[in-house]
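See below for the structure under consideration.
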2 protein chains.
Amino acid sequence: MPNNQFKRGELYSFITGKASTAIARRLQKKFNAAGLNITIEQWSVLYHLWKQEGISQQELCNATFRDKPSITRLVDNLERLNLVKRVASANDRRINLIYLTKQAQKLQEETMALAEETLNEALITVPSDRIDVCKEVLQIVYDNLK
Amino acid sequence: MPNNQFKRGELYSFITGKASTAIARRLQKKFNAAGLNITIEQWSVLYHLWKQEGISQQELCNATFRDKPSITRLVDNLERLNLVKRVASANDRRINLIYLTKQAQKLQEETMALAEETLNEALITVPSDRIDVCKEVLQIVYDNLK
DNA sequence: GGCATATAGTTGTTTGTGCAACTATCCAAA
DNA sequence: TTTGGATAGTTGCACAAACAACTATATGCC
């Protein structure tokens, strides 16, 4: 049976996300070492804006799996850093569309390279078929709970 | 080659730990629904104390993969909730040994059951051999980066 | 048109995290 | 025995997350 996999003693790291915490810390250190003055959380917002800018804060909530207050404050901080701009939507005045500044556009290549580097360091020695299984399981977990 | 597994577009959820975030949120909701007035982070400290109490804050740092200030404040809050007590070590007066109160001992069974329930919900439909692969990969990631 | 309801975003509060700087204590070597 | 370095823990600061309560705008229905 697929159920009841977890005896005591095995719960901990799954729930606390030790692995993803370690990845995020390593990436943050790389950002700092490169003199990039952004947090991982801010980067995660830019990540989606690089794919498509001019989306609403609500769309950023959905994309980043965060609630509205979190996005409000992340956008606040990104705006203070001159990395994004809020632009009121012409159609619907409740909506802020978020656009990247030129400074933010310049960050894309360097930060994405550091992110790939981090994951390569994390996954070196892991065969790709096992990585695929791991990714699939984590996706299922997310889908089961969201 | 095991390297270079990650093309753009696949980075995001690994780095942000979507799955473990979802698990932690679900468990926190279960705690709240059960009227248990503790956070997941506090629970993660209790988790290690249930295995062995009377350990130092530094040992809690190692066990929970947190830095010293984080543990100081978690222990502060657990002490305010009357769940743990700091006891100065007789041998080494720099050290606080952390002990559980009776209230905290009572929490163990109920919270562990909710944690197992959460993981079963997360992993229902996932065959156990794939879960094993996933756990192994995450452990390797952690070991590669720590 | 006017009102109820839904949606987008903001603000306040509590909790947690990471870093740097700090205090207190211990230990070892001169 | 003193002194210098290591270790344990605390505090201050900036940033982030979750929840509740709030404002402003839009929309659908009478």
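Letters A, B, ... are given to chains in the order of the sequence lines, protein chains preceding strands, and every chain is numbered from 1.
- Grouped with A/Tyr142 in one hydrophobic cluster are A/Phe65, the linkage being side-chain heavy-atom contacts under 4.5 Å among Ile, Leu, Val, Met, Phe, Trp and Tyr residues.
- Per the geometry, CD1 belonging to A/Ile55 stands 10 Å off P belonging to C/dG9, to the nearest Å.
- The backbone N or O of A/Leu145 lies less than 3.5 Å from no partner atom in the side chain of B/Glu121, so there is not a single donor-acceptor pair.
- Within the 4.0 angstrom heavy-atom criterion, only backbone atoms of the sugar-phosphate kind lie near B/Asn96; the bases stay farther away.
- Nearest-nucleotide positions on DNA chain C place A/Arg86 closer to the 5' end than the other of A/Arg86 and A/Asn32.
- Considering only side-chain N and O atoms, A/Gln42 lies under 4.0 angstrom from the phosphate OP1 or OP2 of D/dA16.
- Checking side-chain atoms of A/Gln42 against main-chain N and O of A/Thr39 turns up a donor-acceptor pair under 3.5 Å.
- Here the C1' atom of nucleotide D/dA16 and the CG atom of A/Leu81 are 14 Å apart, to the nearest Å.
- Residue-level contact check: A/Asp76 touches neither bases nor backbone, having no heavy atom under 4.0 Å from any strand.
- Counting any heavy atom pair closer than 4.0 Å across all strands shown, B/Thr39 reaches sugar-phosphate atoms only and no base atom.
- Atom CG of A/Asn37 sits in a sparse spot, with 12 or fewer heavy atoms from other residues, nucleotides or ligands closer than 6.0 Å.
- Residue B/Leu74 is in sugar-phosphate contact alone, with no base atom involved, counting any heavy-atom pair closer than 4.0 Å across all strands shown.
- As a whole-Å value, the separation of B/Leu97 CG from D/dA8 C1' is 11 Å.
- Contact check, B/Arg25 against D/dA18: a side-chain N or O comes under 4.0 Å of OP1 or OP2.
- Going from atom CZ of A/Arg80 over to atom P of C/dT10 covers 14 Å, rounded to whole Å.
- Side-chain N/O atoms of A/Ser44 and A/Arg66 include a donor and acceptor closer than 3.5 Å.
- More than 12 heavy atoms of other residues, nucleotides or ligands sit less than 6.0 Å from atom NZ of B/Lys30.
- Using a 4.0 Å cutoff on non-hydrogen atoms, no part of residues 138-146 of chain A comes near DNA chain D.
- Electrostatic pairing of A/Lys18 and B/Asp143 does not count as a salt bridge here, judged by no charged N lying under 4.0 Å from a carboxylate O.
- Summarising the geometry, the separation between NZ on A/Lys29 and C1' on C/dT17 is reported as 12 Å, rounded to the nearest angstrom.
- Between B/Arg66 and C/dC19 there is no side-chain N or O to OP1 or OP2 distance below 4.0 Å.
- Positionally, the nearest nucleotide of DNA chain D for B/Gln58 lies more toward the 5' end than for the other of B/Arg73 and B/Gln58.
- Here D/dA17 is the nucleotide among D/dA17, C/dT10, C/dG18 with the atom lying nearest to any side-chain atom of A/Glu41.
- Between the CG atom of B/Asn77 and the P atom of D/dT10 there is a distance of 12 Å, rounded to whole Å.
- Side chain of A/Glu116 to backbone of A/Ala113: no donor-acceptor contact under 3.5 angstrom is found.
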Contact state string [nucleotides 20-28 of chain C, B base, S sugar-phosphate only, - no protein heavy atom under 4.0 Å]
B---BBS--
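- Separating the CG atom of B/Asn62 from the P atom of D/dG9 is a distance of 10 Å, rounded to the nearest angstrom.
- Contact between the side-chain N/O atoms of B/Gln57 and the OP1/OP2 oxygens of D/dT10 is found at a separation under 4.0 Å.
- A/Glu41 has its side chain within reach of A/Leu74: a pair of non-hydrogen atoms, C-beta onward, lies under 4.5 Å apart.
- To the nearest 0.5 Å, atoms CD1 (B/Ile71) and CD (B/Gln57) are separated by 7.5 Å.
- Between the CG atom of A/Asp67 and the P atom of C/dA8 there is a distance of 14 Å, given to the nearest Å.
- Residue A/Ile95 is the one, among A/Gln28 and A/Ile95, whose nearest nucleotide of DNA chain C lies closer to the 5' end (criterion: closest heavy atom).
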